[in-house]
Amino acid sequence: MRAWNRAKLLWAYLTRRSNVRALPVEYIVETTAKCNLYCPMCPRETHKQPKEDMPAGIFERLVRESGHTAEHMMLIGLGEPLLDPKIFDRIHSCETHGISTLLSTNGTLLDENAALRLLSTPIKHVTMSFDGATRESYEYYRKGARFEKVRDNFVRFAKLKHERRAPIQIVAQMVRMERNAAEVEDFIRFWSAVPGVDQVRIKEDETNLMRPTAGHDSSDWRHPCHYLWRGPMYVKHNGDVYPCCQSYMLDGKPVGNIAAQNLPAIFNGAEMQRMRRLHTTGRAHEIDICARCCTTIPHPILVAGSLVFHGETVRKLLPLIERLTYLRKLPGRLLSPPKPTAGSEDLVQISSVKRRD
């Protein structure tokens with residue numbers, strides 16, 4: 001069923017069809033809107049969030065309706081996942097429907113008990129968000145967190161994973177911004193030496209808050225955006241569904257609500273079809289949220305590849321593709337980053353950690 005779904009998505013994308021008789025492969029699911037930190041680069045500072053979790057009924061309906069086609073769910077959004085009291089149950093729920101999961105955490109709540117509990121779940125990927133190699137830069141961007149405490153939480157989690165040989169991919173990630181840009185090498189050096197860390201990632205900020213003038217012009221939209229066909233679609237904690245995570249951050253309107261409509265009706269609704277038509281006719285820049293989007297546009301070759309392989313495999317291969325492209329090992333046209341602000345430069349570095357053990 002999943003392979004057939006991917007085949008239909010691939011055909012619809014390559015033939016530039018606006019009417020898609022399939023469902024997305026990936027979803028970003030905001031299981032909670034609660035967070036315990038203040039981060040100046042986070043969209044929740046401009047989009048105020050309620051202290052609410054996703055109701056069980058909404059999550060269960062999403063998983064049930066996507067269960068035969070979804071391959072990967074990122075249980076993240078504008079909240080800290082470990083503040084969701086049902087997060088571990090939700091991971092298991094996805095697993096029972098054959099959906100792999102990813103979780104990204106700020107690490108403040110990842111004490112030993114939480115680490116052991118997370119390692120006992122069937123989760124496939126964990127991103128440790130740690131924006132700095134020094135106390136000064138880290139605590140500037142992660143206000144309310146303590147550098148040493150969070151670093152120790154992450155180191156312990158990675159080591160516990162290593163000791164138990166847990167089949168979880170752990171990525172240590174830093175978003176490169178003005179105050180931590182000079183710490184890239186130190187960050188890579190430190191986390192590459194921690195047992196259990198599989199990859200170290202330095203990526204560009206994609207929120208528009210730190211780069212308000214960045215975006216894509218008409219020349220960037222030679223190819224349609226994969227989000228409108230493959231996904232991931234973004235599901236807010238209240239059930240509102242957006243074409244992608246950027247559409248919410250850029251004040252776009254939801255294309256439906258999972259509590260009131262079924263997934264096929266949302267994914268193939270009038271607005272989704274309108275956006276696909278504009279993308280396939282080279283007019284994506286006429287869509288305000290697309291013109292101001294700060295994500296990188298992949299070449300159709302990469303999109304096609306992402307629909308040939310299972311979503312879990314794609315999630316593992318993505319860092320390698322990014323690394324090879326940005327290190328000029330692959331043609332630069334395979335990824336089209338947004339136009340940067342004056343004086344800035346694009347930076348996405350992925351370092352796979354090679355160990356002898």
Side-chain angles (χ1 to χ4, degrees), residues 32 34-45 51 75-85 87-88 102-121 123 125-166 168-205 207 209-210 319 347 349-353 355 357:
T32 183
K34 299 181 297 188
C35 192
N36 56 349
L37 298 183
Y38 162 72
C39 305
M41 71 288 192
C42 179
R44 68 179 292 115
E45 304 311 326
K51 296 180 179 180
L75 306 182
I76 55 178
L78 293 186
E80 164 53 41
L82 292 182
L83 281 171
D84 174 12
I87 189 61
F88 301 106
L102 174 150
L103 183 148
S104 178
T105 175
N106 63 32
T108 55
L109 303 174
L110 196 62
D111 58 19
E112 186 170 358
N113 287 334
L116 291 171
R117 191 173 181 188
L118 187 57
L119 288 171
S120 69
T121 71
I123 196 164
H125 310 267
V126 174
T127 297
M128 306 188 305
S129 297
F130 198 69
D131 296 321
T134 65
R135 180 189 300 110
E136 291 72 24
S137 62
Y138 172 81
E139 293 186 0
Y140 174 82
Y141 289 118
R142 297 283 179 169
K143 297 186 186 302
R146 287 175 46 216
F147 176 77
E148 289 84 1
K149 178 182 178 180
V150 175
R151 183 190 60 193
D152 292 347
N153 283 352
F154 280 151
V155 169
R156 178 179 55 238
F157 176 65
K159 288 183 176 179
L160 285 171
K161 171 250 178 171
H162 177 70
E163 292 169 1
R164 285 160 174 71
R165 299 185 181 276
I168 297 177
Q169 181 186 46
I170 293 183
V171 178
Q173 176 175 291
M174 182 179 89
V175 178
R176 197 284 302 268
M177 293 169 284
E178 182 181 3
R179 288 179 179 250
N180 64 14
E183 301 172 6
V184 168
E185 295 304 320
D186 288 340
F187 184 91
I188 293 175
R189 187 180 306 111
F190 178 85
W191 290 104
S192 295
V194 176
V197 173
D198 300 294
Q199 296 172 344
V200 181
R201 185 183 198 194
I202 309 295
K203 62 172 289 187
E204 192 70 72
D205 172 59
T207 65
L209 295 178
M210 311 300 283
L347 176 61
Q349 297 181 7
I350 303 292
S351 175
S352 294
V353 180
R355 303 189 186 286
D357 46 57

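Both backbone and side-chain heavy atoms feed into the values below; hydrogens, waters and symmetry mates do not.
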Where the side chain of [X] meets the backbone of [Y], is there a donor-acceptor pair that is under 3.5 Å apart?
{"X": "Ser192", "Y": "Arg189", "value": "no"}
{"X": "Asn180", "Y": "Ala133", "value": "no"}
{"X": "Lys143", "Y": "Tyr38", "value": "no"}
{"X": "Asp84", "Y": "Pro81", "value": "no"}
{"X": "Asp198", "Y": "Ile170", "value": "yes"}

Rounded to the nearest 0.5 Å, how far does [atom2] of [Y] lie from [atom1] of [X]?
{"X": "Arg146", "Y": "Thr108", "atom1": "CZ", "atom2": "OG1", "value": "11.5 Å"}
{"X": "Arg165", "Y": "His162", "atom1": "CZ", "atom2": "NE2", "value": "6.5 Å"}
{"X": "Thr32", "Y": "Lys51", "atom1": "OG1", "atom2": "NZ", "value": "11.0 Å"}
{"X": "Ile168", "Y": "Leu119", "atom1": "CD1", "atom2": "CG", "value": "4.5 Å"}
{"X": "Leu103", "Y": "Leu82", "atom1": "CG", "atom2": "CG", "value": "5.5 Å"}
{"X": "Cys42", "Y": "Leu78", "atom1": "SG", "atom2": "CG", "value": "5.5 Å"}

Are Asn106 and Glu80 close enough that a side-chain donor and a side-chain acceptor fall under 3.5 Å? yes

Indicate the atoms forming the closest heavy-atom contact of [X] with [Y], along with that distance.
{"X": "Cys35", "Y": "Gly79", "result": "CB-CA, 4.4 Å"}
{"X": "Leu37", "Y": "Ala145", "result": "CD2-N, 3.5 Å"}
{"X": "Gly132", "Y": "Phe187", "result": "O-CD1, 3.8 Å"}
{"X": "Glu183", "Y": "Ser137", "result": "OE1-OG, 2.7 Å"}
{"X": "Arg201", "Y": "Val171", "result": "CB-CG1, 3.9 Å"}

Between Met128 and Val197, does the side chain to side chain contact (heavy atoms under 4.5 Å, CB included) criterion hold? Intermediate values first, please. CA-CA 10 Å; Met128 306 188 305; Val197 173; 4.0 Å; yes

Give the intermediate values and the outcome of side chain to side chain contact (heavy atoms under 4.5 Å, CB included) for residues Thr127 and Ile76. CA-CA 10 Å; Thr127 297; Ile76 55 178; over 6 Å; no

Considering only heavy atoms from C-beta outward, does the side chain of Arg142 approach that of Met41 to under 4.5 Å? yes

Contact between Met174 and Ile188 at the side-chain level, heavy atoms closer than 4.5 Å - yes or no? no

Set of residues satisfying side-chain contact (heavy atoms from CB on, under 4.5 Å) with respect to Thr121, sequence neighbours excluded: Phe88, Ile91, His92, Leu118, Ile123

Test Phe130 against every option in Trp191, Tyr141, Phe157 by the ring-ring contact (aromatic ring centres under 6.0 Å, His included) rule and name the one that passes. Trp191

Please check if the number of heavy atoms outside Lys34 that lie under 6.0 Å from its NZ is greater than 12. yes

Show every donor-acceptor pair shorter than 3.5 Å between a side-chain atom in residues 147-155 and any protein atom, with sequence neighbours excluded, or say none if there are none.
| unit_1 | atom_1 | unit_2 | atom_2 | d |
| --- | --- | --- | --- | --- |
| Glu148 | OE2 | Arg135 | NE | 3.0 |
| Glu148 | OE2 | Arg135 | NH2 | 2.2 |
| Asn153 | OD1 | Arg156 | NH2 | 2.8 |
| Asn153 | ND2 | Gly107 | O | 2.8 |

